[in-house]
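Data block below; observations after.
Reminder, nothing fancy here: chain letters follow the sequence lines and each chain counts from 1. Not measured: the values here are computed from a predicted model.
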Amino acid sequence: MSMELQLKGKVIAAVKELYGQEINENLAQVQITRKDLTGDFTIVVFPLLKISKKSPEETGKDIGEYIKASDENVANYNVVKGFLNIELASDYWLKLVNNITKEEKYGYQAANDDSPLMMIEYSSPNTNKPLHLGHIRNNLLGYSLSRIAAANGYKVVKTNIVNDRGIHICKSMLAWKKWGNGATPESTGIKGDKLVGDYYVKFDQEYKAEIKTLIANHLKNYSELDEIKDFSETYSALKAQKKTKEGLDDEQNKQFKACEDLSKYAENNAPLILEAREMLRKWEAKDPEVYKDWETMNGWVYKGFDVTYKKLGVDFDKIYYESDTYTVGRDMVLSGLEKDLFYRRDDNSVWCNMTSEGLDEKLLLRKDGTSVYMTQDIGTAKLRFDDFDIDKMVYVVGNEQDYHFQVLSILLDKLGFNWGKDLVHFSYGMVELPEGKMKSREGTVVDADDLVDEMVNTAREMSKELGKLDGYSEEDAETVYKMIALGALKYFILKVDPKKNMTFNPAESIDFNGNTGPFIQYTHARIQSIFRKAAEKGISVAAEAPTNVEIGEKENNLIRMISNFPNIVAEAGRVFSPAVIANFAYDLAKEYNQFYHDYPILFEEDEDKRMMRLVLCKNVGKTIKNAMWLLGIDVPEKM
RNA sequence: GGUCUCGUAGCUCAGUUGGAUAGAGCAACAGCCUUCUAAGCUGUGGGUCGCAGGUUCGAAUCCUGCCGGGAUCACCA
C-alpha cells in the first residue's frame, strides 16, 4: 500500500480517536508537499475544522502528534497555515529505493492472457499526398499511447487504416494520366508519395482554372449578378459581410444566393471533376485499366510512406485498407436498411435519422450507391471485430472529426458492436503555423521527411561542435544523431497537452537546450558516464543501497519523484496523455541535474553515502529511460 | 446561427480530485568548467491566469453571462 493511502487511513483513525467522529475518506486529503517546504506529504486540515472545532494550527498539531506516535516511518511533522507536513525517515525512503532497484521494468504492468485488448488506430493517411507535420503529431501520439496502454497492462494492437480509394485518389490519378507523361519515381528520382502528391496539386490548379472559366461563361444566366465586375471578389466580400454583425440586406442576400448557386454549379460541372467521378465509378466497377493504374500509383505511395514511418520510428501490427473495407461497410448499411435502422430516399441515397440523439440526418450511401467516409469506417469496424477480440477501441484522429466519431459511435451501437458505445475518439488538436492552418493545396505544409532530415542535420552539427562523440565510429555516431534529432522532435510534440492546438514556427528550429528531449537524453547519458567512470575506478554498484545514511534534500526529492512514477504511468493511461509522462521526465531530469551539480557522487568520501548515491543514480537513469520509452524516445549511453 | 473547444509572462508551454507565495523553457542581462559530460547549474527582470459576477474557509481550476480565437454542422475524405 502506498504511503499516501496509509496516511489517509491514519488521518481517518486520528479524527475518530481525537474527536470521536467517523469521516468520509475524501475529507482526508493527502498530497505531495510543495518543493520549497519541509516535509514529504501534506495533510490539508481545513476540511476537518468543523469536526475538531479548533484552529487550523491546533488541529494540525493534534493529528501530527497522533500520526507521529503511531507510525515508525514518520520522523517529524510541522504545521504551516493549516497544512500539516509529514516528514518521513531516511531509511523509509532508502528501503523504497532498494525495492525499485529490483524491478527492471519499473513502472510498467505486464499483460497476461486475461488482460483486456486495446486496439489503437492511428496515422490513417490518404494515398494522394505525403505525410506532413499534422500526421507527425498523430503518429507520435498513437505510438506513444500504445506504449502507455501496454505499460498499464493492456494487450495492444496498433492498427492503421489507409484511405486508398475515393474521389481524392482519382484526382491525382487523373492528373497523372493527363499531364504525367508516364513519370515514375524511378524516372524522376522523386519519392513515390511526393510524386503522387504533386499531381494532386496539379489537379487542383487545373480544376480551379476550369471553375473560373465556367463561372465567367454562366454569369449572364444570373440577373442578380448583372452589375458586378469580379465574381470571386464580390463573393468573398459578401461572405465576409455575412459573418459580421450587420449581415446582408435583401438585395445582397439575393446576390449571395446566386453566387452560391453559380459556384456550386461550376464546381460540380467542371470537366475535370466529371472525369474524376467517372474514374471513381470505373474503379468501383473494377475497370482493368483504372485498377492497374491505381495499384501502381498506390504502390509508389506505400514505398514512400514506409520510408517516413521508419524515419519516425513508428510501426503497426495490422494494416487495413479502405479498398477492402468499403464494400463490407456497404453491406452493413444495406443489412441495417433491412432492419429499418436506416431509410432510403426517393433519389436512392441511404440515410440514418439521428435526430432523436440530438444529431442530424447522416448520409451513408450516395444516390449512385457509392460509399462515403462513414460507410468505410463501419466496414473497417466490422473487419476488425472479426479479426480481434476487442475490449477497447481507440481512434487517434484530429478534433475536426469530433462530430464524425459521435455519429460513428451511435451507428456502431445501433449495428450491434458491443464496444461501439464507448469507443474512444482520442481527439487531438491541430498543429498550426504562426500564420494559421497548414494547407496542402497552398503549399504551406511542413513536410515530415524534410523536418526530420533537418533535425538530424542540426543534431549532427551540434554534436560535432561539442565533440562529445569523439572515438565513436561514423555509424555509431550517426545512430546517436538520429536518436537526438528524433528525441527533440518527439518531445517537442508530445510534451503539449494533446487536446490543445499547438503552434509550430518553422523559422525557429526546434531547440536542443532547456525543456527539450535532448536535455533529458543528456541527463541519461550523464548518468551512464558516472558508471563508466566508476568501473574505471574499480567501483561496482551494490544491489542494495545502505539504509543507515541520512539523505539530503535533493536526494529526498529524487526518491519521491521516482517513487511516484507508477502513479504517473497510471494517470497517463487514464487520461490518454503522453504529455503527463513528458512533463514528469523533464521534472525528474531537471531535479537530477541540480543534484548532480550540488552533490559529489564518485568523489564522496563516505563509502555508504557514495554507494547510496550510486544506487540512486542507477534508479533515476532507469526511470528516465522507462519514461522516455513510453514516448517512443530512445536514450543514448553517451552524447 | 446551433454544437464543441481553447484563452496563463514578449514567445512556446506546465499547473494533480479546488489548497499554501501561479511555475518551466526560449529570448534579454549577470555569474559558474585545474573535481563525476557546461546539450549543464545559479541569479535578475518579466503576470489584472481574456472580462464580470457567483459558489467556497480557499478559485487559474467549479457554475453563469459576456469578449476573443479555432473546429464542426458536405452526395470531400
Exercise for review: Quote, to the nearest angstrom, the C1' distance that separates B:rC62 from B:rU44.
Suggested key: 37 Å
Review point. Is A:V496 touching bases, backbone alone, or none of the nucleic acid, heavy atoms closer than 4.0 Å?
Key: sugar-phosphate
Check your understanding: Roughly how many Å is it from CD1 in A:I169 to C1' in B:rA77, rounded to a whole number?
Key -> 9 Å
Check your understanding: Under the 3.5 Å rule, do the base of B:rA20 and the side chain of A:Q31 count as making a donor-acceptor pair?
Key -> no
Review point. If you look at every strand shown and take non-hydrogen atoms under 4.0 Å, does A:N85 touch a base, only sugar-phosphate, or nothing?
Key: base
Check your understanding: Within the structure shown, what part of the strands sits under 4.0 Å from A:Q401 by heavy-atom distance: base, sugar-phosphate, or nothing?
Key -> base
Check your understanding: Taking CG from A:L5 and P from B:rU17, how many angstroms apart are they, rounded to a whole number?
Key -> 15 Å
Exercise for review: Please tell me which of the listed nucleotides, B:rC13, B:rU37, B:rC75, lies nearest to the side chain of A:S349?
Suggested key: B:rC75
Point to revise | Length of the CG-P vector between A:L84 and B:rG19, whole Å | key: 18 Å
**Study point:** Side-chain donor-acceptor contact under 3.5 Å, A:N85 with A:R34
**Key:** no
Exercise for review: Have a look at A:T503 and say if it touches a base, only the backbone sugar-phosphate, or nothing, with a 4.0 Å heavy-atom cut-off.
Suggested key: sugar-phosphate
Exercise for review: Determine whether the side chains of A:N160 and A:E121 contain a donor N or O and an acceptor N or O closer than 3.5 Å.
Suggested key: no
**Study point:** Touch class at under 4.0 angstrom, heavy-atom based, for A:A579 against every strand present
**Key:** nothing
Exercise for review: Any chance you could measure A:D360, atom CG, to A:C352, atom SG, to the nearest 0.5 Å?
Suggested key: 11.5 Å
Check your understanding: Touch check for A:I530, heavy atoms < 4.0 angstrom, all strands: base, sugar-phosphate only, or nothing?
Key -> sugar-phosphate
**Study point:** NZ or CZ of A:R344 within 45° of A:W351 ring axis and under 6.0 Å
**Key:** no
Review point. So, is A:K81 near the phosphate of B:rU21, with a side-chain N or O under 4.0 Å from OP1 or OP2?
Key: yes
Check your understanding: Do the side chains of A:K638 and A:V480 get nearer than 4.5 Å, heavy atoms only?
Key -> no
Exercise for review: Say whether A:S349 and A:R345, considering side chains only, have a donor N or O and an acceptor N or O under 3.5 Å apart.
Suggested key: no
Practice item. Scan side-chain atoms only and decide if A:T127 and A:D164 contain a donor-acceptor pair under the 3.5 Å cut-off. Key: no
Check your understanding: Stems in RNA chain B: runs of 3 or more consecutive Watson-Crick or G-U pairs, distances under 3.5 Å?
Key -> B:1-7 with B:67-73, B:10-13 with B:23-26, B:28-32 with B:40-44, B:50-54 with B:62-66
**Study point:** Nearest-Å distance once atom P is located in both B:rG53 and B:rA14
**Key:** 29 Å
Point to revise | Value in whole Å for how far the C1' atom of B:rU5 lies from NE2 of A:H425 | key: 13 Å
Review point. Which whole number of Å gives the distance between the P atom of B:rA52 and that of B:rA38?
Key: 48 Å
Check your understanding: What distance do A:M354 atom CE and A:E361 atom CD have between them, rounded to the nearest 0.5 Å?
Key -> 11.0 Å
Exercise for review: Rounded to whole angstrom, note down the P distance from B:rU12 over to B:rU72.
Suggested key: 22 Å
Review point. Reckon A:L37 touches a base, only the sugar-phosphate, or nothing at all at heavy-atom distances under 4.0 Å?
Key: base
**Study point:** Separation between the C1' atoms of B:rG50 and B:rC6, rounded to whole Å
**Key:** 11 Å
**Study point:** Base versus backbone protein contacts along nucleotides 39-45 of chain B [heavy-atom cut-off under 4.0 Å; B, S, -]
**Key:** BSSS---
Revision key, fill the gap. From the candidates B:rC75, B:rC6, B:rA77, the one with an atom nearest any side-chain atom of A:K499 is B:rC6
**Study point:** Separation of A:F426 CZ from A:Y428 OH (nearest 0.5 Å)
**Key:** 9.0 Å
Exercise for review: Have a look at A:T370 and say if it touches a base, only the backbone sugar-phosphate, or nothing, with a 4.0 Å heavy-atom cut-off.
Suggested key: nothing
Practice item. Begin with the C-alpha distance, continue with both residues' side-chain angles, and end with the deciding distance and a verdict on salt bridge (Lys or Arg N to Asp or Glu O under 4.0 Å) for A:E260 and A:K257. Key: CA-CA 5 Å; A:E260 264 187 331; A:K257 285 266 149 57; 5.4 Å; no
Review point. Could you give the CG-to-C1' distance, from A:L408 to B:rA77, as a whole number of Å?
Key: 14 Å
Point to revise | Pair A:H425-A:N399, side-chain donor/acceptor within less than 3.5 Å | key: no
Practice item. With heavy atoms under 4.0 Å as the rule, sort A:P56 into base, sugar-phosphate or nothing. Key: nothing
Review point. Say you pick atom P in B:rG25 and the same atom in B:rG18; how far apart are they, in whole Å?
Key: 28 Å
Exercise for review: Give one of base, sugar-phosphate or nothing for A:Y599, where a contact means two heavy atoms less than 4.0 Å apart.
Suggested key: base
Check your understanding: Which one, B:rC75, B:rC73, B:rC13, comes nearest to the side chain of A:R366?
Key -> B:rC75
Practice item. Looking at every strand, decide which applies to A:Q29 at a 4.0 Å heavy-atom threshold: base, sugar-phosphate, or nothing. Key: base
Review point. If you pin A:F492 and A:D511 to their nearest nucleotides in RNA chain B, which one's is more 5'?
Key: A:F492
Study note, to complete from the structure: Comparing nearest nucleotides in RNA chain B, the 5'-proximal residue of the pair A:S371, A:R574 is A:R574
Point to revise | B:rG68 to B:rA30 separation - P atoms, rounded to the nearest Å | key: 43 Å
Point to revise | Touch class at under 4.0 angstrom, heavy-atom based, for A:K500 against every strand present | key: sugar-phosphate
Review point. In terms of base orientation, is B:rC57 syn or anti, with the syn window spanning 90° either side of 0?
Key: anti
Check your understanding: Roughly how far apart, to the nearest Å, are B:rA60 and B:rA22 at atom P?
Key -> 9 Å
Review point. Mind checking whether A:Y395 and A:F405 have parallel, tilted or perpendicular rings, split at 30° and 60°?
Key: tilted
Exercise for review: Give one of base, sugar-phosphate or nothing for A:R345, where a contact means two heavy atoms less than 4.0 Å apart.
Suggested key: nothing
Check your understanding: B:rA77 C1' sits how many Å from A:R165 CZ, rounded?
Key -> 9 Å
Review point. Just checking A:D497: base, sugar-phosphate only, or nothing, at a heavy-atom cut-off of under 4.0 Å?
Key: sugar-phosphate
Practice item. Rounded off to whole Å, could you give me the CE-to-C1' distance for the A:M354 and B:rC73 pair? Key: 14 Å
Exercise for review: Find the distance A:E591:CD to B:rA14:C1' and express it as a whole number of Å.
Suggested key: 16 Å
Practice item. Give the nucleotide from the list B:rU21, B:rC57, B:rC36 with an atom nearest to the side chain of A:K533. Key: B:rC36
Point to revise | Face-on cation placement of A:R613 at A:Y599 ring, 6.0 Å and 45° thresholds | key: no
